[in-house]
Amino acid sequence: MSADLGASAPAAVEPVPAGRADTAESLVAELIRVPAGQVSPSLYETARLVSVAPWLTGHAERVRHLLTSQRPDGGWGPPEGYALVPTVSATEALLAELRTAPAAEPLIRATDAGLTVLTRWLSAPRSLPDTPAIDLIVPALATAINRHVVEADLPSALGHWRAAARLRLPAGMDDRRLAAVHGLIGAGAALPEKLLHALEVVGSAAHGARGVRPTRSGIVGASPAATAAWLGSPAGGHRHPGASAYLERVVRQHDALAPCATPITVFERAWVVATLARAGLAVTQAPDLIPGLIADLTSVGTCAGPGLPPDADTTAVTLYALAHLGFSVDLECLWRYETPDGFCTWPGEDGFSLSTNAHVLDVVGLILTTDPGADRRHVTAARRLADALRQRQQADGSWQDRWHASPYYATMCCALALAGFPGPGTAVTSLARAASWIVDTQRANGSWGRWKGTVEETAYAVQVLATVGRGRPSADEAIRRGHAYLTEGTTAHDPGPPLWHDKDLYRPAMIVRAAVVAARHLAGAAGPATA
């Protein structure tokens, strides 16, 4: 079974009935039942389909979603700088819609509000998150918006925008990388795999681009928007019927909307199995579970989705999961990602990922624990990784990472990896600081969260305290309160905002649910602390 899964229609997903909590067994069963994975829709990606694929089933529903999900301030999406990408995407999509659709008053009002808030945001310094392709997306869509305003026959109510200043780029951002991608496309050169995920940024130049090679099922860059941009029109489906079928399946599964990445089979299964196994929960080797993990595992690792490059993060978690399932794993495929600073997510990565390095330490530490005679290279790598994590801990005791908006996720990844490393140079001080930060930042209702208390972030915090904070009265009390919140939260609390980094923030639902199951198990395993 391939992780591409382009030819398989995902089953409908039913929520967990009220009053019934997930279990390890039920999660594994659902992994098999919905092999493509479960990921939340994206405002950015949905708006891109409005703009580049108005011919795709569900167009009216997508436009309606943009209108109803706009914030009171005129923007879209999460708080802080995370709103820029969905807002620039939605505003451009509505302008594109105005060029072909009747100028209904709600559409005009939403477009005007989007232009107003973007003009305000981009005229002042603004801190932006390190999300994938942001330096391609924002220049591409700002240029498209400016072109719409100048060239389109806009309704008179929007006429004042012709005389307004054009959208500028945020401080420190330019369009040079976007121009380089246009150059590659124009020359017919093969694009690096990681750029395929955001192919839609080149607009009509993506249509049938010679240098783009979709997967055998017609998926480009694991992305609905990139795939739609490559098809270009309904006629493009004749070139690759699988791509059209993929898009139809995606919008059908997500009620006409679209996530940034799908399928996520390997990513989802690896994280769920690893999370449950680390917490001491037995993971049943259900049929098709293992094939889904090893389908794309090669000598250079495995990828998070079809059309994406192999990466050290997915590879490390997959190997860790397989080792817990009783497989003998070979870490040879990880060494290509080793750098002087630690491990890169992929060769040529811009930046440093703490969670990637923590996950590599997880699997290397596990090998050292189970095989005391392991290769000396494993010992050296583990020590370097542990040092890298300790050195990058924040002054307050937390960690932050480029693949997740919440410091509670990064802190969990780093703290649990350090706690599991059996070698010399222990991280007692680092772990104590992390536990203190978590205790100090618990909310009055027992939850934790960056913007508000969430079930997801509470699960991460509880896992850290249950692993490295036991025995301290303040930590034990925090665990008790966090466990109570999670017990109530399975039915009483919404899942909170998406927190995982892609082109837009997203939520991998099964991975979050596994984190909650693991946290409740760890919190409940200590007797008095959870009374």
Hey, what's the ring geometry for Trp500 with Tyr409, parallel, tilted or perpendicular (30° and 60° as the breaks)?
tilted
Are side-chain heavy atoms of Thr119 and Leu167 found at a separation under 4.5 Å?
yes
Hey, does the side chain of Asp296 reach the backbone of Cys303 with a donor-acceptor pair shorter than 3.5 angstrom?
no
Using a 3.5 Å distance criterion without hydrogens, assess whether the side chain of Glu268 forms a donor-acceptor pair with backbone atoms of Gln38.
yes
If we ignore hydrogens and angles and just use 3.5 Å, is the side chain of Ser406 paired with the main-chain N or O of Tyr408 as donor and acceptor?
yes
Would you confirm whether Arg177, through its side chain, and Leu136, through its main-chain N or O, come within 3.5 Å as a donor-acceptor pair?
no
Could you tell me whether Asp387 and Arg384 make a salt bridge, using a distance below 4.0 angstrom between a side-chain N and a carboxylate O?
no
Walk me through whether Glu457 and Arg450 qualify under salt bridge (charged side-chain N to carboxylate O under 4.0 Å, His left out).
CA-CA 8 Å; Glu457 292 165 283; Arg450 172 176 176 171; over 6 Å; no
Would you compute the distance between atom CD of Glu151 and atom CG of Leu95 and round it to the nearest 0.5 angstrom?
12.0 Å
Starting at CD of Glu349, measure out to NZ of Lys194 and round the result to the nearest 0.5 Å.
8.0 Å
Could you tell me whether the side chain of Ser40 and the main chain of Tyr506 form a donor-acceptor pair under 3.5 Å?
no
Would the distance check show the side chain of Tyr320 and the main-chain N or O of Leu361 forming a donor-acceptor pair, the cut-off being under 3.5 Å?
no
Applying salt bridge (Lys or Arg N to Asp or Glu O under 4.0 Å), which residue pairs with at least one partner in residues 83-95 are found, sequence neighbours left out?
Arg48-Glu92
Centroid-centroid distance, Trp76 to His65, less than 6.0 Å
no
Parallel, tilted or perpendicular: which one describes the rings of Tyr460 and His404, with boundaries at 30° and 60°?
perpendicular
Leu118 CG to Arg120 CZ distance, which is reported to the nearest 0.5 Å
9.5 Å
Approximate separation, where rounding is to 0.5 Å, of Glu80 CD and Leu128 CG:
11.0 Å
Just verifying a value: how many Å separate Asp130 CG and Asp350 CG, rounded to the nearest 0.5 Å?
8.5 Å
Find the distance between NE2 (His254) and OG1 (Thr46) and round it off to the nearest 0.5 Å.
9.0 Å
A quick test of your reading: do over 12 heavy atoms of other residues, nucleotides or ligands sit less than 6.0 Å from CZ of Arg168?
no
Could you tell me whether a side-chain N or O of Asp504 sits under 3.5 Å from a main-chain N or O of Tyr44, the two making a donor and an acceptor?
yes
N/O donor-acceptor pair under 3.5 Å between Trp399 side chain and Leu389 backbone:
yes
Taking NZ, NE, NH1 and NH2 as the nitrogens, is one of them in Arg507 or Glu456 under 4.0 Å from a carboxylate oxygen of the other?
no
